[in-house]
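Here's the structure, in structure tokens; my notes come after.
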There are 2 protein chains.
Amino acid sequence: MHVRRPATLASLAAELGVSRTTVSNAYNRPDQLSPELRRRVLETARRLGYPGPDPVARSLRTRKAGAVGLLLTENLSYAFRDPAALAFLEGVALACEGAGQGLHLVPVNPEREDITAVHRAGVDGFIVYSVPDDDPHLAAVLSRPVPTVVCDQPRVEGVDRVGIDDRAAIAQLAQRLITLGHRKVGVLCMRLARDRNDGFAAIDRQRTAHFHVQKARLAALNEAFSAAGVDWAGVPVVERFDHSQASGASAAAQLLDKHRDVTALICTSDILALGALAEAKRRALRVPQDLSITGFDGIADAERAGLTTVRQPMLDKGRAAGTLLLDTVDRGRPREITLPTELIVGSTSAQPRTAEERWFGP
Amino acid sequence: MHVRRPATLASLAAELGVSRTTVSNAYNRPDQLSPELRRRVLETARRLGYPGPDPVARSLRTRKAGAVGLLLTENLSYAFRDPAALAFLEGVALACEGAGQGLHLVPVNPEREDITAVHRAGVDGFIVYSVPDDDPHLAAVLSRPVPTVVCDQPRVEGVDRVGIDDRAAIAQLAQRLITLGHRKVGVLCMRLARDRNDGFAAIDRQRTAHFHVQKARLAALNEAFSAAGVDWAGVPVVERFDHSQASGASAAAQLLDKHRDVTALICTSDILALGALAEAKRRALRVPQDLSITGFDGIADAERAGLTTVRQPMLDKGRAAGTLLLDTVDRGRPREITLPTELIVGSTSAQPRTAEERWFGP
DNA sequence: AATTGGTTCTGAACCGTTACGGTCCCCTAC
DNA sequence: GTAGGGGACCGTAACGGTTCAGAACCAATT
């Protein structure tokens, strides 16, 4: 550890016999004082071990912290494990470093409601990524008098927003499955609300979901399959609180145990889909002959696995969020950026076998 | 964007007809005022849209920012691409969230010398990860009157440190190759200094390297192979500024073009090794029969590829750095933590073929 | 009646800077 | 000789809190 005598701008000024303003100018506005004096100031600073103006005091005065706050649904460390979140983070970082801004990761525990971290963060603005609409942290952010950008969340009055058209994106996927002939499908989705509910999610829970993205995707699936004559009430939807391949596998198991007749498993994330893929393999179900499986996100592992999925530009999303937040120019009315998505048809989806084939083989 | 009338603690106090102290206490020391008054304060705060004490002003007074600064060699966004750096980051994040501290990523451009970001960061301490010993950012950090932990760097007077025994770790690897019979080896390493030098690195450059880790590993290799009778001056070492598989591949190509007789390629990182592996494949060199290749780090991709490498606990490293920084208790004399490493013998190393075999096949 | 003790609230100092609006002085130009 | 201009530096007032030593008050004890 490294401790210095607390030299301040004032003590430096006293030592030099100049005003504090002058010392401040030596650091911030070199043109406001003679080069000679500036040299003396800096030299004396070195001698006294003065590290330059205190960042916090400066922030207080200038009302600028030089950093962007990032709020995630999950534990801080989770973000480093999920490829999609990671790409988002990378995008935000890109925007930040382009603007010379720091990136302040706000520590949040999704299971507790400790808001203090949000209140403590000395930042010029917040990016809020995919938290439930009733999240107290979100409320805390909005209460703070700094600009905010939300991402993968519902619109908030007067707040910039970045996202994709989740409904259209998954509707396209659904349409593909429908065209292929799938009518008996199941869905694996991520957590729908802040409470842990690992299991089937009835329509009511789907409708009252607090995670905007999941809710939108389920609603769009509902709409698409209903239009194709499928009774959505009969479509099993399994929810998982934790987002991991293991969760995907167990969810798939739970669903398949109860509904052996499904011909397609629609997963709202690639991670879940990869888990489902593993479970299918474990059960010796052939994909896509016996079971089609689809994901969402377009992460590298999904591509590697040949997953049918929807690719969304996570990195661009992060960058857009950062840019929006840092672009102070045309901050008039709230802005909204919707990024394009792309259906990726992989090798994990195909026509379902007919009943006959199911009994007698292909 | 979301702007509120600037209500302050003072204006709240005025509105309520109480002192600022009382309002402050309402937030920070509930036991210091009657529950009734506290209720009124909070209620009035809500009505006026007062978001609670300003974090920056609070930080100024309390001298606590509630955040840890993290300084990396590379661009901010790089950290999200390199698995090893990522694991480190995750470890730091883990420690931070355990202590309820924010994680402030300091934006740094390794090619420029803009130090202001370090001076601007309102943090309670710094973790500095693998920057060159002459890095001006490091100097800037050390000049600040806050505790610091360096990681994968040489000792700095009076500063806590976390690392591994690089020399011992790679010496073990070298010993293995020597035992297998390799005497004609080549080395691929990461950047040795702040200037870009994509190409062969002569002994002099190796010796004057500013990246501690690389320097230590090269020195240990030198020692080990010299002891085995190899003239280190004749061992080609190729350096790459950018750390990527592409770099590894091109470095391998450059080395093999000039030194067709090497039987083993020692890489100072798994990323480089994976690139070398790709290049070997491109050249139809069989690994390990025609060429042994080793890495360093023990990332997941390396394991998948069966790489012979040294595993180091990157996550633990990050966590240790965070813990060290946040543990204010026994901050007496500088502490040092050295983490264990483990030699992983994979399928990319084997006995070199004899000269005979080289000509006539195995 | 005086002392003690406990709550509840206040006043003033302080944290280390920067913004703003000067002042002062020297130099040039007419 | 003096008006005008510009460079160099300064004084004061915030910025928005926290902290600590009391003050005021009331009840209980001696």
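- The salt bridge (charged side-chain N to carboxylate O under 4.0 Å, His left out) search around B:D316 returns B:R319, not counting sequence neighbours.
- Within the 4.0 angstrom heavy-atom criterion, no nucleotide atom of any strand lies near A:V56.
- Using a 4.0 Å cut-off, some side-chain N or O of B:S34 falls inside it from OP1 or OP2 of C:dC9.
- Applying the side chain to side chain donor-acceptor pair (under 3.5 Å) rule to B:R155 yields the partners B:E336; only residues at least two apart in sequence or on another chain are considered.
- The distance from atom CZ of B:R120 to atom P of C:dT17 is 14 Å, rounded to the nearest whole Å.
- An end-to-end axis angle of 50° holds for the helix from C:dA1-D:dT30 to C:dC30-D:dG1, taken from five base pairs per end and rounded to 10°.
- Residues satisfying the ring pair (Phe, Tyr, Trp, His ring centres under 6.0 Å) criterion with A:F126, sequence neighbours excluded, are absent altogether.
- Contact check on B:R40 versus B:E43 returns no salt bridge, with no Lys/Arg side-chain nitrogen under 4.0 Å from an Asp/Glu carboxylate oxygen.
- Nucleotide C:dC9 holds its P atom 6 Å from the CG atom of B:L33, rounded to whole Å.
- Here A:T116 pairs with A:D114 under the side chain to side chain donor-acceptor pair (under 3.5 Å) rule; sequence neighbours left out.
- Not counting sequence neighbours, A:Y27 has no partner by the side chain to side chain donor-acceptor pair (under 3.5 Å) test.
- Remark: B:E90 engages A:R81 in a side chain to side chain donor-acceptor pair (under 3.5 Å) (not counting sequence neighbours).
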Hey, can you pull the donor-acceptor pairs under 3.5 Å for the side chains in residues 9-18 of chain B, sequence neighbours left out?
| residue | atom | partner | partner atom | Å |
| --- | --- | --- | --- | --- |
| B:S11 | OG | B:T8 | N | 2.9 |
| B:S11 | OG | B:T8 | O | 2.9 |
| B:E15 | OE2 | B:R47 | NH2 | 3.4 |

(request) Mark up nucleotides 15-23 of chain D, 5' to 3', with B wherever a protein heavy atom is under 4.0 angstrom from a base atom, S wherever such an atom reaches only the sugar-phosphate, and - elsewhere. (result) BBBBBB---
